[in-house]
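Let me begin by presenting the structure, written as structure tokens, before commenting on it.
What you see is a predicted model, and the numbers here were worked out from it, not measured in a lab. First listed ligand is number 1; within each ligand, the first listed atom is number 1.
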Amino acid sequence: MSNQSGIGVAFIGSGSAAPEAVLSNEGVSRVVETSDEWIASRTGIRQRHLASPTESLKQFAAQAAQNALDMAGITAAEVDLIILATSTADDLFGSASQIQAAIGANRAVAFDLTAACSGFVFGMVTAAQYIRTGAYQNVLLIGADVLSRWVDWNDRRTCVLFGDGAGAVVMQASTAGDRLLGFELRSDGCMNDCLTLAHEAQPRELVDGIAIGRGGYQFIQMNGQEVYRFAVRKVPEVIEKALFRANLTVEQIDWLLLHQANQRILDAVAQRLTLSGEKVISNMARYGNTSAASIPIALDEAVRAGNVKLGDVIASAGFGAGLTWGAAIFQWGK
Ligand code: ACO
């Protein structure tokens, strides 16, 4: 895809990090009434990494970011922009600048971007706009979430699904071409109540006639079946639109890299696109659903394992709360 400035995007480094503690399905079955058999057969998940009370999103995000910078061969001081895709910042004002400080990216500007499990794909497209206009040269895009803080550990319909972690990529300006080949982003607020982590306020009167709302965030609420149906219907559609924009066909995809929510969703989307299972990147058995982190963690593992090679065409798609969904077709490498 060419653009007016002649400046394109390259993907030059990836990194990931996750908490050390691992909770198996058998472990979850000691918390709620469930079984390894139920969880694995319905979702493909076998275990998840969980942050301890003293660990922070900042730690995993900074580690993933440093690993991505090391692979890219650039220093933190060379980073112009940090975008942190997350819904579970350590601080509601945002955690991106905390990560900036942790890695020493003292020249960069940093901000959070919230689009739930679509956050990484939305962040990739956002980063590309800054690069293509010539505003920034080196962008560090991080997807990180610690959903274990916000899961109702008494609700077996949701608590079995989620895990914690972080992944990152370095995107760089290039005059040799544009590796972000096509994208399509969507949202539908009419379906917002299918998946929420909502603030609930109780009124508190300050003075006569002036009341404010005081409260806190409620646990994750999800209508699993609605979200499942939505994902299986909308994700293939949005990938086909992004492919059209990239002027590519399904046959030209080397890897399908979906948000790691449920193996059945991955299989159903691959089937609808008539893509063979060998092209589907999946690591949810070991991580569960890590929300905005799931795509970059899976990408980083596939790159480091030597499966994703320079020039490979990757069809990535995120979907989740909002509801939001989106696809980005990109090529790995300079
Ligand atoms: N263990 C044992 N039984 C369970 C469990 C469990 N962990 N969870 C639910 N059940 C039971 C239910 O109680 C129900 O029993 P009942 O019929 O006696 O009431 C039965 O299993 C079926 O429950 P469903 O909720 O209908 O199960 P379903 O087959 O839909 O699977 C699942 C649930 C895995 C959550 C599925 O709906 C799904 O994957 N949905 C998509 C979720 C998703 O992709 N989210 C992504 C976005 S996440 C984000 O944006 C943060």
Without placing hydrogens or testing angles, list every side-chain donor-acceptor pair under 3.5 Å for residues 318-326, not counting sequence neighbours.
| residue | atom | partner | partner atom | Å |
| --- | --- | --- | --- | --- |
| T324 | OG1 | A115 | O | 3.4 |
| T324 | OG1 | S118 | OG | 2.7 |
| T324 | OG1 | A321 | O | 2.8 |

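Closer than 4.0 angstrom to ligand 1 sit non-hydrogen atoms from E33, T34, W38, R42, T43, C117, R156, R157, V160, L161, F162, L195, M222, G224, Q225, V227, Y228, A261, N262, I265, N289, F319, G320, A321.
Contact check on R149 versus D90 returns a salt bridge, with a Lys/Arg side-chain nitrogen under 4.0 Å from an Asp/Glu carboxylate oxygen. The pair R233-E237 does not count as a salt bridge, with every side-chain nitrogen at least 4.0 angstrom from each carboxylate oxygen. Ionic pairing of R107 and E78 is not present here: no N-O contact between side-chain nitrogen and carboxylate oxygen is shorter than 4.0 angstrom.
Here ring pair (Phe, Tyr, Trp, His ring centres under 6.0 Å) pairs that include residues 59-81, with residues two or more places apart or in two chains, number zero. Within the structure, ring pair (Phe, Tyr, Trp, His ring centres under 6.0 Å) contacts touching residues 122-141 (residues at least two apart or in different chains) are Y130-Y136.
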